[in-house]
Amino acid sequence: MKVVKFGGSSLASAEQFKKAGAIVREDKSRRYVIPSAPGKRFDTDTKVTDLLYQMDALAQEKKDFSEVLKQIKERYQEIIDGLELKDFSLEEQFEEIEKKMKEEPDPDYAASRGEHLNGRIMAAYLGYTFVDPFEMIFFDEEGMLEDRRTMRAVEKRLAEVERAVVPGFYGCGHDGRVKTFSRGGSDVTGSIVAGACHADVYENWTDVSGFLVADPRIIPNPAKIEVITYRELRELSYMGASVLHEEAIFPVRRQGIPINIKNTNCPQDEGTWIVESTAQKTGYVITGIAGRKDFCAVLIYKDMMNSEIGFGRKVLQAFEDNDISFEHMPSGIDTMTIVVHEDEFIEKEQRVVSAIHRLAQPDSVEIESDLALIAVVGRGMKSMRGTAGRIFSALAHAHVNVRMIDQGSSELNIIIGVENRDFETALRAIYDIFVLTQL
Ligand code: ASP
């Protein structure tokens, strides 16, 4: 049994809907379908979700939102007409939405209607049962998913239906009102449904044929990743490689259900498989490279730091007290470096520095900015000698100065810090040495 989720671009128009419909119909095991809201049809287009947020913002200020509502209606009508769905109308739903927006506008409610309405169309088009996630996906007081309760409710509800469409992105909040996940959250809904129904595969249909080894905006035409483990994906997406919502892996991962990222516009492509563990060799030593700019390094010096018990804790306390999460912490004998996000840190930097002085009494504290971090990730690195050597000689040849190195003991990734301005050159050099030349 497969659970299939279609992203916004896969359902942006009637033409895209037809492709998605053909994919579902082609394989009887595709029993549960999770649609997103209609996305962009072309580059400068606006996602329906964004239109809905705009409508809510106007309604909150008691301004006239009829123009935006009209645009939203048109988007759906275009799909309904293109699919030739006779006797189907969203008129009633739109009346309800308009009324609600006038009486008590609410951004979560507004945004959720994007997938809700698309789900209704999808159910009618496929002849599947429409199941509202409001009945079975629950959030707690903090707005976090109520995991157990949700899984049980979804399993029970869907056991009653052979084939269903469950709109993505929202559920029922603690206060009994509609609540959404963060943006891109339909991925999470799909994962919940796949996990709760013990699917064999969770197919996530999008507009790319899976993950790429590196960012195509920096590396032209990068190689594809065929198989990636959950842990590798975590490392890469943390560094900014984004195709899937961060939280979408947990419900399926627990049960060893693989995710297959597929391309609605090119269904014959195998896409990328995300798996718990695999014996499959990677095509290259590395699985992927990703990185981000704009980090700061806070360097702390103190003679005999290595023998002072509790020093690290005191330093970290200074960050914790200021509500800053740190990213990395490479250390030397008498030095410690804390790497943080510039945008999170910059406003609080002097407070943090004085807190470090107060709590840990270091000899000196220095701040360096404009640091970019690059993660070279690969399960294949574990058993390979010389991976780090190759990375550093490639960077040296490209005249990139390495400012920081951090390798986790899992040997799954190596983090390299370079100047912001060397970021692209460094990525290219690493990609070339592992993928192009494959020395
Ligand atoms: N439609 C929502 C968004 O644009 C959720 C999703 O597509 O997954 O973020």
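All ligand and atom numbering here is 1-based and tracks the order in the structure.
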**Request:** Any chance you could measure Ile72, atom CD1, to Met55, atom CE, to the nearest 0.5 Å?
**Result:** 4.5 Å
**Complete:** Within the 4.0 Å heavy-atom cut-off, what Lys47 brings close to ligand 1 is side chain
**Pi-cation contact, Tyr109 with Lys100 (under 6.0 Å, within 45°)** = yes
**Item:** His245 touching ligand 1 at heavy-atom level, < 4.0 angstrom
**Value:** no
**Asked** Centroid-to-centroid, His245 to Phe181, below 6.0 Å?
**Response** no
**Asked** Can you tell me how far CD of Glu270 sits from NZ of Lys262, rounded to the nearest 0.5 angstrom?
**Response** 5.5 Å
**Message:** With heavy-atom distances below 4.0 Å as the criterion, list the atoms of ligand 1 near Phe169.
**Reply:** 2 (C), 5 (C)
**Message:** If you take the nearest heavy atom of each of Ser186, Ser182, Pro35, which one is closest to atom 6 (C) of ligand 1?
**Reply:** Ser186
**Item:** atom 1 (N) of ligand 1: the protein heavy-atom neighbour that sits closest, reported with distance to 0.1 Å
**Value:** Thr49 OG1, 2.8 Å
**Prompt:** Out of curiosity, is Gly185 lining ligand 1, as in a heavy atom under 4.0 Å away?
**Reply:** yes
**Message:** How far is atom 7 (O) of ligand 1 from the closest protein heavy atom, and which atom is that?
**Reply:** Ser36 OG, 3.2 Å
Just list the side-chain donor-acceptor pairs under 3.5 Å for residues 170-180, sequence neighbours left out, or say none.
unit_1 : atom_1 : unit_2 : atom_2 : d
Tyr170 : OH     : His116 : ND1    : 2.8
Tyr170 : OH     : Asp132 : OD1    : 2.8
Asp175 : OD1    : Arg177 : N      : 3.1

**No-hydrogen, no-angle side-chain donor-acceptor test under 3.5 Å, Gln16 and Ser10** = no
**Prompt:** Atoms of ligand 1 less than 4.0 Å from Glu115 heavy atoms?
**Reply:** 1 (N), 2 (C), 5 (C), 6 (C), 7 (O)
**Contact check, Gly184 vs ligand 1, heavy-atom distance below 4.0 Å** = yes
**Item:** Pair Asp422, Asn401: side-chain N/O donor-acceptor within cut-off below 3.5 Å
**Value:** no
**Fill in**
closest protein heavy atom to atom 4 (O) of ligand 1 is Arg183 NH2, 2.9 Å
